[in-house]
Amino acid sequence: MVLSICPNPSIDCYAWIDGFNKGTVNRFSMIEEFPGGKGVHVALALAELEVDSKVLGFWGGHTGGWIKEQFQSRAVQFGGVELEENNRRCYTLISNNPNLNHTELLEPGPVITNEDFESFLKEFKEQSIDAEFISMSGSWPSKAPEDGYRRLIQLAKQQGTKVILDCTGKQLEEALKVGFFGIHLNHKEAEALCGSSDIKSLRKFLGDKVELIALTRGSEGLELAYKRTIIKAKIDIDPAQIISTVGSGDCLTAGILYALNKKLTLEEVAAWGAACGTANCLNKDLGMLKKTDVERLIKTVKIETHE
Ligand SMILES: O=P(O)(O)OC[C@@]1(O)O[C@H](CO)[C@@H](O)[C@@H]1O
């Protein structure tokens with residue numbers, strides 16, 4: 001079983017807007033809503049790939065209720081803690097204005113009290129016993145404990161479960177103090193962490209804290225480092241086919257987890273990651289992928305292995 005942790009779920013919205021005039025009223029012309037938050041995307045992709053999986057999160061108010069209804073209609077298993085305050089909304093602007101198009105606006109998310117956090121730790125402990133891998137992705141609501149991921153990782157390590165982490169800032173800094181199995185960063189996040197987006201520099205910086213490094217470079221694909229091996233995986237698609245890249249990193253994490261869980265080779269892990277990340281870009285549903293696209297794309301992955 002693969003567990004996906006989503007501390008800050010959202011309703012992700014495509015928001016159509018013609019232009020933006022400062023200091024006055026601006027109206028969206030249309031909104032389309034999707035279940036979101038990085039860990040939610042990972043869980044949706046794993047369910048689409050028919051992996052035995054479950055998402056644990058903090059579900060708040062009527063927005064949280066709506067996200068859970070989406071899980072029910074897609075046969076995604078979920079658990080976690082109920083909050084009174086609503087989960088956030090995240091907006092991706094869609095506009096003919098290239099300066100606005102694909103701009104993201106993210107709410108901070110609801111308050112998580114110490115009591116909520118302790119209840120989450122308790123459920124995490126129970127659920128993670130059955131997990132082979134745990135994915136932990138995305139931000140925490142702004143007032144949540146800054147060492148949230150570190151404390152979950154410590155529990156997972158006590159149970160011998162491998163964690164793949166995709167986060168930034170203080171949460172990442174805290175998590176690195178204890179180390180964990182795998183990390184997923186994009187090139188900008190790598191640069192912010194260690195001053196370089198070069199995979200070898202990142203590997204050197206992380207040292208023995210992390211075993212598997214997935215570094216993504218947008219259309220330039222994925223670099224996967226494990227021990228002394230570095231694998232590059234890339235899929236060439238016509239840029240005109242790309243609907244949105246929001247959630248591609250999350251789908252890529254799900255592809256990596258799919259392959260690791262099936263005990264595939266390192267090359268196959270990279271190929272599944274690249275195929276799932278790319279499949280998301282072709283899908284009109286924000287942050288989601290279709291298994292049929294993944295199965296088609298996986299045959300087109302270009303792999304380079306460097307020792
Ligand atoms: O605030 P976070 O959790 O870091 O990122 C949130 C977010 O940008 O990530 C997902 C796409 O990866 C979207 O669901 C959401 O809009």
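Since we're looking at a predicted model, the values are computed, not measured. Hydrogens, waters and symmetry mates are skipped; everything else that's a heavy atom, side chains included, is used. As the structure lists them, so they are numbered: ligands from 1, and atoms in each ligand from 1.
Side-chain contact check for Thr265 and Glu268: at least one donor-acceptor pair (N or O, by modelled atom type) lies under 3.5 Å.
Under the 4.0 Å criterion applied to side-chain N and carboxylate O atoms, Lys38 and Asp166 are not assigned as salt-bridge partners. Taking the charged nitrogens against the carboxylate oxygens, Arg217 and Glu223 do have a contact shorter than 4.0 Å, which makes a salt bridge.
Atoms CG and NZ, on Leu212 and Lys162 in that order, are 9.5 Å from each other to the nearest 0.5 Å.
Ordered by chain and residue number, the residues placing a heavy atom less than 4.0 Å from ligand 1 are Asp12, Gly36, Gly37, Lys38, His41, Arg88, Cys90, Glu104, Leu106, Gly138, Ser139, Val246, Gly247, Asp250.
Considering Ser53, Cys276, Cys6, Ser4 as possible partners of Val42, the one that fulfils the side-chain contact (heavy atoms from CB on, under 4.5 Å) test is Ser4.
Applying the under-4.5 Å side-chain rule to Ile, Leu, Val, Met, Phe, Trp and Tyr, the cluster around Val111 consists of that residue alone.
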